[in-house]
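Chain A is the first sequence line, chain B the second, and so forth, proteins listed ahead of strands; every chain is numbered from 1.
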Amino acid sequence: MTKYNPSKIEKKWQKYWEAKKFYRADDKSKKPKYYQLETFPYPSAAGLHVGHPKGYIGEDIHSRYVRMNGKEVMYTMGWDAFGLPTENYAIKVGKSPKEVAKANIKNFKRQVKMFGLSYDWEREINTSDPEYYKWTQWIFLKMYEKGLAYRAKTNVNWCPKDKTVLANEQVKDGCCDRCGTQVEQKELYQWLFKITDYADRLIDDIEGLDWPETTKAAQKNWIGRSEGALIKFPVFNSKFSKGGQEYVEVFTTRADTLFGATYLVLAPEHPLVTKLTKDANLNAVNKYLEEVKKKTEMERLHMDKSKTGVDTGGYVVNPINNEKIPVWVADYVIGWYGTGAVMAVPAHDERDWEFAKKYDLPVKMVVCPNYPAPTCPVLEKAFTEDAHLVDSEEFVGMKSAEARNKIIEKLKEKGLAEFKKNYKLHDWVLSRQRYWGVPIPMIRCDKCGFQPVPENDLPVELPNIEEYKPAEDGRSPLARAKEWLVVKCPKCGKEAERETDTMDTFVDSSWYYLRYTDPKNKNEFASEAKIKHWLPVDLCVIGSEHAVMHLLYARFIAKVLYDLELLHFKEPFLKLRHLGLIQGADGQKMSKSRGNVVNPDEIVEAYGADSVRLYEMFMGPFEDGQPWDPKGVVGTSRFLNRVWNFISEPEEPKTVDKEADKILNKATKEIGEDIKNLKFNTGVSGLMKLINAIEDKWLTKKQYGTLLKLLAPFAPHIAEELWQTVLKNKKSIHLETWPKYDEALLADELIELVIQINGVKRDVLKITKGLSEEEVKSIVLSNENIKKHLAGREIKKFIYIKDRLTNLVI
RNA sequence: GCCCGGGUGGUGGAAUUGGCAUACACGUGCGACUUAAAAUCGCAUUCCGUAAGGAUUGAGGGUUCGAGUCCCUCCCCGGGCACCA
């Protein structure tokens, strides 16, 4: 009897599977397709830690199971290779990002392959490969053609000492994470995608998806749609309103409280601030604007949110009651949201209430749930739908929800209001002033302005440069690649310059799942036939950290391509599940700085990939995170040793053990369902229970085979070894089908009936299955133990749950 | 503050969705094998109690013959958003 030696058999079978191309996803297969996607990794210099493969292992088990159930599975791996950490690391070690990325990918691939995952490696993709990013650029051009890519001035983090743009991740507590200098905001022209045009569709289409509710909620919350109205407040005696009446527009969801608007607040950056400010207030207002500007991002975050503001001295007219109300400037109003101006209703809004109290502004209660005897205090919270208007002529007594619409309708006739939705979602700033990314395929000509690079000239390849540090003027290092930079304008032919910004890596990853269907296509991002064949994705497994950004961007790009009639579906990921991250033994997130990182190389070396696979699945629910227990893998390793020793002597018994058949039958059903529902932890425990139950039995070759087939998706190497070497099968176990189970064999003839008295368990009886209530009653009542507990008392009620339980109420 | 999750032994976690709480493991204890150790195997392991028995799923209340599971109040932990009008 040989000893179980995982390191020996695992390498052998990995080579065998790769040589035989078992896991190639055949485009022309007659079998039904199944596209299983997982987030492709960012290949960092640190390599894998034991947390990374968890998702791969779970998906591998699932895809092997789906294959065994007769589907053509496309299961793939690729590299999200562009990005800042690689660039920074390259600068640190004095190499080019390209070299660094290549080495990282090599290491990742070696580590990933250790686990025996059933990827179709022929479909491997790499976002930093010109053959890939050619199509990232092409998508950008399509966006540009559609008017969905545009340039605008937006803020970037700027380190005044390093004279460089910083990504958000490089800002720690408001300071540059390199030199510690306080970070400033600097306005720069950048490229944006108009995702806000798709806000409604991105919200409305979520409903039909089979996604975790939390993720749906997070996306909706992020988009942040609210429905309300735009209302115009005429400016009172504006000194500049020569031509006609000027207005301040506000957005509100609570038009029913318009009668209570006792003042109006402008955000500091509102264009009308200076116009509305009276001469006498000019100094105070300017001083305030200066102060606000000085407030850093850090102060905005960490300072207590006590409100500050200043009176402009100007007035507007409340359009519903023609009252003259003062206009203030305050930074509790956000410039970019809504119109950057709000009507303040201190009686019914906490923020306005706080501000009004501080600056002694009038408070007027206008809605209250206790109509007609308004006794509620101001700021009553539970007044939204039940409240009535209490202080207005024609609306008094009307419910809030109704009044809201009526008031808007009324003002609408005078052109002073309209229904309007607002969103928290910003357009997507995709420009990065960095080297290691996809060059934005645009050319700036002094005469013709920005011109797109002609499609035939794609890809615009990243040039090799000497110095990867960002340029001092805030431009990307690409500005130094003079030969690359200077080109002819595609329109006028005069000398022009390329755009030096590169793209956010979220653009690369927003469409990678499309490329897997046709990764080598030179003429299209993927052929129509292949897209139609494989897509949409059947199952997407992804970390919950991607719940908002990545998934929202991918959905957005899919919708744009759908509108361009390049895709036949509106939503790319119909079914989505999260995976929880494995934490360090200390329960904290694994990180170098905490020193709690566990390297998979050593663990696989010590126990074998199959044991590690089983342990990572056994730890707990797939979608939850659990701390890594260094001892945990011991348990699954012991289990595999037991399997090994159990199956190593296959000599046919004279009679088939029927009990073993029954046990295998039940396990087939349960383990199969567990895999299908991604409940791998109970799947593994099911396998352990199975061994516990049949370890002392003598099985037929067929029965051993069934056992191995149940094990095969979880521990593919040991299953293959025992299947081919010990059971002497000629073909791979991974070409077998999942065993069928017999529904009729699932139930035992004898069942254990629990007997409770007043809900407390008193006995368990083995009785025949399917007895009637009367039959059970007579059995139970004649039982000596039960008689003793009853002690002659009368039974008030006899509860019988068939084949399960009785409860005697006395 | 708001919106989601969640709270079960020493630890990770099970629980056919309202029907035997603590499956399966880890750890620990005892035993076997061994000169010894490791490995392996066997037994025990929610708590109190010698036992009979009793208590127990964050706390308290409710519905029910019966609640880890449903309802209400509160406490704690994790995640997301956060002056969003």
With a 4.0 Å heavy-atom cut-off, tell me which residues in residues 632-639 of chain A come close to RNA chain B, sorted by residue number.
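Result for residues 632-639 of chain A: A:G635, A:R638, sorted by number.
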Rounding to an integer number of angstrom, what distance separates [N] and [M] when you compare their [atom1] atoms?
N	M	atom1	value
B:G68	B:G29	C1'	29 Å
B:A15	B:G9	C1'	15 Å
B:G78	B:C24	P	32 Å

Closer to the 5' end of RNA chain B via nearest nucleotide, is it A:A341 or A:N221?
A:N221
Go nucleotide by nucleotide along RNA chain B from the 5' end; which of A:G224 and A:V684 gets its closest nucleotide reached first?
A:V684
Looking across every strand, which nucleic acid part, if any, lies under 4.0 Å from [X] by heavy atom: base, sugar-phosphate, or nothing?
X	answer
A:N692	sugar-phosphate
A:K216	nothing
A:W222	sugar-phosphate
A:R225	nothing
A:V333	base
A:N681	sugar-phosphate
A:K761	base
A:E752	base
A:P621	sugar-phosphate

How close or far is atom [atom2] of [N] from atom [atom1] of [X], stated in whole angstroms?
X	N	atom1	atom2	answer
A:D586	B:G12	CG	P	14 Å
A:R404	B:A85	CZ	P	12 Å
A:Q626	B:G78	CD	C1'	13 Å
A:L551	B:G80	CG	C1'	14 Å
A:I671	B:C24	CD1	C1'	12 Å
A:I203	B:C81	CD1	P	16 Å
A:L687	B:A14	CG	P	16 Å
A:W328	B:C83	CH2	P	22 Å

Going by the glycosidic torsion and a 90 degree boundary from 0, is the base of B:U35 oriented syn or anti?
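Nucleotide B:U35 adopts anti.
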Looking at the angle O4'-C1'-N9-C4 for a purine or O4'-C1'-N1-C2 for a pyrimidine, is B:G9 syn or anti, with syn meaning within 90° of 0?
syn
Summary of protein contacts for nucleotides 61-69 of chain B, nucleotide by nucleotide, where a base hit scores B, a sugar-phosphate-only hit scores S (4.0 Å, heavy atoms)
----BS---
Please confirm whether A:R555 makes a cation-pi placement over A:W222, using NZ or CZ under 6.0 Å from the six-membered ring centre and within 45° of the ring normal.
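Verdict for A:W222: no cation-pi partner in A:R555.
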A:W428 and A:F506: ring-ring contact (aromatic ring centres under 6.0 Å, His included), yes or no, with the steps?
CA-CA 10 Å; A:W428 173 7; A:F506 277 124; 7.2 Å; no
Worked verdict on A:K358 versus A:E354 for salt bridge (Lys or Arg N to Asp or Glu O under 4.0 Å)
CA-CA 6 Å; A:K358 182 167 175 182; A:E354 192 195 317; over 6 Å; no
Listed partners of A:Y800 passing ring pair (Phe, Tyr, Trp, His ring centres under 6.0 Å), at least two apart:
none
Please state whether the base of B:C83 and the side chain of A:K307 form at least one donor-acceptor pair under 3.5 Å?
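Counting by modelled atom types and ignoring angles, a donor-acceptor contact under 3.5 Å is found here.
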Taking the side chain of A:I334 as its heavy atoms from C-beta onward, which of B:A25, B:A85, B:G80 lies nearest to it?
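Among the listed nucleotides, the one closest to the side chain of A:I334 is B:A85.
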Does a side-chain N or O of A:K424 approach OP1 or OP2 of B:C3 to a distance below 4.0 Å, or not?
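For B:C3, OP1/OP2 do not have a side-chain N/O of A:K424 under 4.0 Å.
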A:I320 and side-chain contact (heavy atoms from CB on, under 4.5 Å): which partner among A:I407, A:L416, A:I231?
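Passing option: A:I407.
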Describe, in one word, how the ring planes of A:Y615 and A:W628 are oriented to each other, choosing from parallel (under 30°), tilted (30 to 60°) and perpendicular (over 60°).
perpendicular
